[in-house]
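A, B, ... follow the sequence lines: proteins, then strands. Residue 1 opens every chain.
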There are 4 protein chains.
Amino acid sequence: MKKKMTEKSIELFEKKGFTQTSIQDIVDELEVTKGTFYYYFSSKEQLLMAIHLEYIDDLLERQEKILKAESSSSVEKIRNIIALLIHDIQDKGPSGRVFFREIRHLSDENIRIIKQKRNQVRLNIEKVIRTGMDSGELRPNLKPDIITFAILSLTNYSYQWFKPDGEILSDELVQIYADVIFNGIIEKND
Amino acid sequence: MKKKMTEKSIELFEKKGFTQTSIQDIVDELEVTKGTFYYYFSSKEQLLMAIHLEYIDDLLERQEKILKAESSSSVEKIRNIIALLIHDIQDKGPSGRVFFREIRHLSDENIRIIKQKRNQVRLNIEKVIRTGMDSGELRPNLKPDIITFAILSLTNYSYQWFKPDGEILSDELVQIYADVIFNGIIEKND
Amino acid sequence: MKKKMTEKSIELFEKKGFTQTSIQDIVDELEVTKGTFYYYFSSKEQLLMAIHLEYIDDLLERQEKILKAESSSSVEKIRNIIALLIHDIQDKGPSGRVFFREIRHLSDENIRIIKQKRNQVRLNIEKVIRTGMDSGELRPNLKPDIITFAILSLTNYSYQWFKPDGEILSDELVQIYADVIFNGIIEKND
Amino acid sequence: MKKKMTEKSIELFEKKGFTQTSIQDIVDELEVTKGTFYYYFSSKEQLLMAIHLEYIDDLLERQEKILKAESSSSVEKIRNIIALLIHDIQDKGPSGRVFFREIRHLSDENIRIIKQKRNQVRLNIEKVIRTGMDSGELRPNLKPDIITFAILSLTNYSYQWFKPDGEILSDELVQIYADVIFNGIIEKND
DNA sequence: TATGAATGAGTGTTCATTCAT
DNA sequence: TATGAATGAACACTCATTCAT
């Protein structure tokens, strides 16, 4: 039941937003009563926090696996991280959208916790870029922090427009975005 | 007074969000009463729509100017559009953030109107890219629609993290982002 | 309307208790809506605090008048204070009962404020007793603080059983209680 | 377990009040579940009634013992009853406070039962006073009912301020109160 | 004896909106 | 142009109580 509630909440939060979704909306859909909701969650915010934690913890865990792969080059690792972030939108699109949009409705303390984990994701990318610059895989004159923001912009903003069931597949999107990031769009006349 | 209300609303909507800001909050700051608000606006949503319209119409207008400049190359036009979108965050950050975050609180009909104008901005970029590909300035194998989304991701997502008063200047950000988009990050060993 | 609300609230709080009286109960009786209540009071507790303040401030003011009367002896002053406290039960019985019973539902800060004023009433009585002992009007071996509690017990507890519309008049009660306090109940065989 | 529940309830009811204490609060402290509570008590009110009954029945029983002592004078009996009532505050303070404060949360029928027993305590005192007046121990012109209320006011109100662990001992309080009641506070210049 | 899931009526509070003045 | 009193629907949350196991 707790699982069912979380899932239905993600669905509704994504469709209507956190504030616009009432506890009544959630329990109505599951055909239970409000009391039942509060049996499993102590508050609406706690539910939102649970959704956030599940999302970011899973993401961090999978990112660590990519980082630890010793056989990968930095370029491969970046490509894998881009794939990870983009695919998340396909696989768990709704919770991703909730994650990116509703964080502000958490309490200050919870925001701090989530932002710290989000920063970890960001700093992990930054580190790979630095390693790639040092090893000569990447151009030496880059600003790693800004490049990281560029990558996160591409992947995170995709939840705003990318529909996994649309014409373009998420694998294609990964390939195109990696190509842009790595090679740029200008024609080189060598 | 109407102007003052709009401005104060943008400020509050940005700080606390549309739903979390009450009419009472707005009128309290201006030291008038709720009646006054309803003299100038027929509803809270109408105020939000006014903010959206002002933002997007101004943006479209300035984008058109860039597009019409006959002396510019496609690459220059793209760079100018990136500059336009990034600078907006600096100059009218709050209304930009409101624009990107609160659209969902408009009525369906109003959402349609705003999205149409937003699409216009997007299609304008797409067209410049196509022109650049045709003229040989840009690589011929690009997907213009996706590249457009990439550009919009970089610029629009910047409102999430970019602080105009921080270390990095918006001019620098424009330059770095243009460099990434045009040249990529990989070291070319020609 | 605010006045009407306070009065009806006192009436209901006295009959059913603060917690058992809902805002709905109050507004139903006045045939208005809950919104109206919150137009005049920011919370249920604030209403309770208003009731407390009005009661104790009025009491203190009238007590001061008694204390300042230069022509009265200490015995007369004590008798007048007993009359003041007892008559309050008759004149504004309901708010007195609310005052003595519901203080615990105030916030800690508000409890502090009210208790301080209540202590003032108590200390004022204590001072009169000391003066009476010094001047020889009262027995020299009394404990003024305990005697004060005795007086307050008699008067304050009367709200628990004394009905002003019953057989015995409040003037009689004052006389009897003053007689007990001053002379005791034992038969003196001098 | 039933005993433990009653005791913990008294403790909580005294600290937070009957309405402010939830069944959940009680069972949490005992580390059992709500189901367990309803195994032993049919309702929250029934628990409150049990507390009241235990208190008043015990009091009545001990009062009867005092009344039956043939060797005591009326004055001695009154002094003993004052001691009984005051000491109860020391020995079972919490349940006394619950008794005096929360009776209103009983059902009408239960209120009737408790009030009847409370009246018995009162009428017993009244009877001793009458006997004392008839035998010449007490002043002949007293109103026994009012004097009884005076005694009960002194003793019952003491739960509002008297702290058994404070400076003054309950034995001293008994002595002082008895002295006031019997002798008054005025200096007699015979 | 005890649990834990579920109920449903109720609570204080918020707030966009209306309207006579 | 602006006010201020009033509305009413909604909201998050509480809690005594039930009952199958």
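The pair C/Lys4-C/Glu7 fails the salt-bridge criterion, with no side-chain N (NZ, NE, NH1 or NH2) lying under 4.0 Å from an Asp/Glu carboxylate O. Residues D/Lys8 and D/Glu31 are not paired through a salt bridge, judged by the lack of any N-O separation under 4.0 Å between the basic side chain and the carboxylate.
What separates CG of A/Asp25 from C1' of F/dA9 is a distance of 14 Å, to the nearest Å. Between the CD atom of B/Gln24 and the P atom of E/dT13 there is a distance of 17 Å, rounded to whole Å. One can place CD1 of B/Ile26 at 12 Å from C1' of E/dC15, the figure rounded to the nearest angstrom. With rounding to whole Å, D/Leu30 atom CG is found 16 Å from E/dT1 atom P. Between the CD atom of B/Glu45 and the C1' atom of E/dT17 there is a distance of 14 Å, given to the nearest Å. At whole-Å resolution of the value, NZ in D/Lys16 and P in F/dT14 are 12 Å apart. Protein atom NZ of A/Lys4 is 8 Å distant from nucleotide atom P of E/dA6, rounded to whole Å. Rounding to whole angstrom units, OH of residue D/Tyr39 and P of F/dA20 are separated by 17 Å.
Counting non-hydrogen atoms under 4.0 angstrom, D/Thr21 reaches the backbone sugars and phosphates but no base.
Nearest heavy-atom pair across C/Phe41 and C/Gln46 is CD2-OE1, 3.2 Å.
To the nearest whole angstrom, the two C1' atoms, one in F/dT21 and one in E/dT1, are 13 Å apart.
Of the nucleotides present, E/dA2 is the one that pairs with F/dT21 by Watson-Crick or G-U wobble criteria, both distances under 3.5 Å.
Nearer to the 5' terminus of DNA chain E, by closest-nucleotide assignment, is the contact made by D/Gly35 (compared with the other of C/Gly35 and D/Gly35). Residue C/Glu31 is the one, among C/Glu31 and A/Ile23, whose nearest nucleotide of DNA chain F lies closer to the 5' end (criterion: closest heavy atom). Between B/Val32 and A/Gln20, the residue whose closest nucleotide on DNA chain F is further toward the 5' end is B/Val32.
Note on B/Tyr40: a side-chain N or O is less than 4.0 Å away from OP1 or OP2 of F/dA2. Between B/Thr36 and F/dA2 there is no side-chain N or O to OP1 or OP2 distance below 4.0 Å. Proximity of A/Ser22 to the phosphate of F/dA10: no side-chain N or O atom is located under 4.0 Å from OP1 or OP2. Here A/Tyr38 reaches the OP1 or OP2 of F/dC13: one of its side-chain N or O atoms lies under 4.0 Å away.
Ring orientation note: the planes of D/Phe100 and D/Tyr159 are close to parallel, at an angle under 30° on the 30°/60° scale.
Geometrically, B/Lys44 engages B/Phe18 in a cation-pi contact, judged by NZ or CZ lying under 6.0 Å from the ring centre and within 45° of the ring axis.
The base of E/dT13 is paired with the side chain of C/Lys34 by a donor and an acceptor separated by under 3.5 Å.
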